Amino acid sequence: MPDPEGDRGEVHILAIAIHPDHRRAGIGGALLEHALAQGRAARCTIATLEVRPGNAPAIALYQRAGFRTVHVRARYYQDNGEDALVMLSELSRLMWSAPSPAGAGDAVLRVPK
Ligand SMILES: CC(C)(COP(=O)(O)OP(=O)(O)OC[C@H]1O[C@@H](n2cnc3c(N)ncnc32)[C@H](O)[C@@H]1OP(=O)(O)O)[C@@H](O)C(=O)NCCC(=O)NCCS
């Protein structure tokens, strides 16, 4: 959500889900980076999300995009009372780039001009 009066807006990621037949193809990472780029364009300064501690694929995806765990929210999930990890990424000038579809290289950090 942008802050119209300054640089305090926040992107909150509610859900990313990829069909099981199409996972590990870079789609989730691309969607996440698109959301973060939209946030940067709107002058948001942080992105946050909640994730289940046992969701290793999602945690790996988020860590790769620069998120780190900053808090554990107790009994967050209503279906089983599970805790949630609260993860945060600072939307600095450094931007994460996914590998090209052709697999031409590793993820890189780039600095916009
Ligand atoms: C989490 C999810 C969205 C990832 O989508 P995806 O399109 O498969 O992810 P990507 O292919 O873009 O993967 C990007 C990176 O995330 C990490 N990652 C993704 N899936 C992973 C897995 N199963 N195990 C370990 N790391 C994984 C890797 O670092 C990966 O990079 P790499 O493939 O070069 O190693 C997908 O697994 C999913 O839909 N899960 C079910 C829904 C869900 O749990 N959503 C999150 C709710 S908070």
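We count ligands from 1, going down the list as the structure has it; atoms in each ligand are counted the same way. All values below come from the heavy atoms of this structure, side chains included, with hydrogens, waters and symmetry mates left out. Only a predicted model underlies this, so the values are computations on that prediction, with no experimental measurement involved.
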Trainee: For ligand 1, which atoms sit closer than 4.0 Å to a heavy atom of A25?
Mentor: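 Once the distances to A25 are compared, the set is 11 (O).
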Trainee: Show the atoms of ligand 1 that are less than 4.0 angstrom away from any heavy atom in A17.
Mentor: 39 (O)
Trainee: May I ask you to identify, for A56, whether its side chain, its backbone, both or neither come under 4.0 Å of ligand 1 on a heavy-atom basis?
Mentor: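 A56 to ligand 1: no contact under 4.0 Å from either part.
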Trainee: Are R64 and E33 ion-paired here, with the side-chain N under 4.0 Å from a carboxylate O?
Mentor: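 Salt bridge flag = no for E33 with R64.
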Trainee: Taking atom NE2 as the centre, does H34 end up with more than 12 heavy-atom neighbours from other residues, nucleotides or ligands that are less than 6.0 angstrom away?
Mentor: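 12 or below, so no.
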Trainee: What atoms of ligand 1 come within less than 4.0 Å of a heavy atom belonging to G26?
Mentor: 10 (P), 11 (O), 12 (O)
Trainee: Are the side chain of R23 and the backbone of I18 linked by a donor-acceptor contact shorter than 3.5 Å?
Mentor: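 It does hold such a pair.
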Trainee: Say whether V72 and I13 are linked into one hydrophobic cluster, either directly or through other cluster members, by side-chain heavy-atom distances under 4.5 angstrom.
Mentor: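 Yes; I13 is reachable from V72 via cluster members.
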Trainee: Give the numbers and elements of all ligand 1 atoms closer than 4.0 Å to a heavy atom of P57.
Mentor: 18 (N), 19 (C), 20 (N), 21 (C), 22 (C), 23 (N), 27 (C)
Trainee: How many angstroms lie between atom OG1 of T69 and atom CE of M87, to the nearest 0.5 angstrom?
Mentor: 4.0 Å
Trainee: Within the structure provided, determine whether I46 and L91 are in side-chain contact (heavy-atom separation under 4.5 Å).
Mentor: no
Trainee: Could you tell me whether some N/O pair between R24 and ligand 1 is separated by less than 3.5 angstrom?
Mentor: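 In this structure, R24 places an N or O atom under 3.5 Å from an N or O of ligand 1.
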Trainee: Of all the atoms in ligand 1, which lie at a distance below 4.0 Å from a heavy atom belonging to I16?
Mentor: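 Checking each atom against I16, I get 3 (C), 42 (C), 43 (C), 45 (N), 46 (C).
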Trainee: Does any N or O of ligand 1 fall below 3.5 Å from an N or O anywhere on I18, backbone included?
Mentor: yes
Trainee: In terms of hydrophobic clustering (I, L, V, M, F, W, Y; side-chain heavy atoms under 4.5 Å; direct or indirect links), are L88 and V86 co-clustered?
Mentor: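 Yes, L88 connects to V86 through the hydrophobic network.
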Trainee: Under 4.0 Å, heavy atoms only, figure out whether ligand 1 is touched by the backbone of R64, its side chain, both or neither.
Mentor: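 Side chain only; the backbone of R64 stays clear of ligand 1.
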Trainee: Looking at ligand 1, does A15 have a heavy atom less than 4.0 Å from it?
Mentor: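 The answer is no: ligand 1 sits nowhere under 4.0 Å from a heavy atom of A15.
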Trainee: Does any N/O atom on A60 come nearer than 3.5 Å to any N/O atom on ligand 1?
Mentor: no
Trainee: Do E50 and H12 get their side chains close enough for a donor-acceptor pair, meaning under 3.5 Å?
Mentor: yes
Trainee: Mind checking whether L49 and Y76 sit in one hydrophobic cluster, side chains of I, L, V, M, F, W, Y counted as touching below 4.5 Å?
Mentor: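 No: no chain of side-chain contacts under 4.5 Å links L49 to Y76.
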Trainee: Among R23, Q63, H22, which one has a heavy atom closest to atom 37 (O) of ligand 1?
Mentor: R23
Trainee: Taking heavy atoms and a distance under 4.0 Å, where does N55 meet ligand 1: side chain, backbone, both or neither?
Mentor: side chain
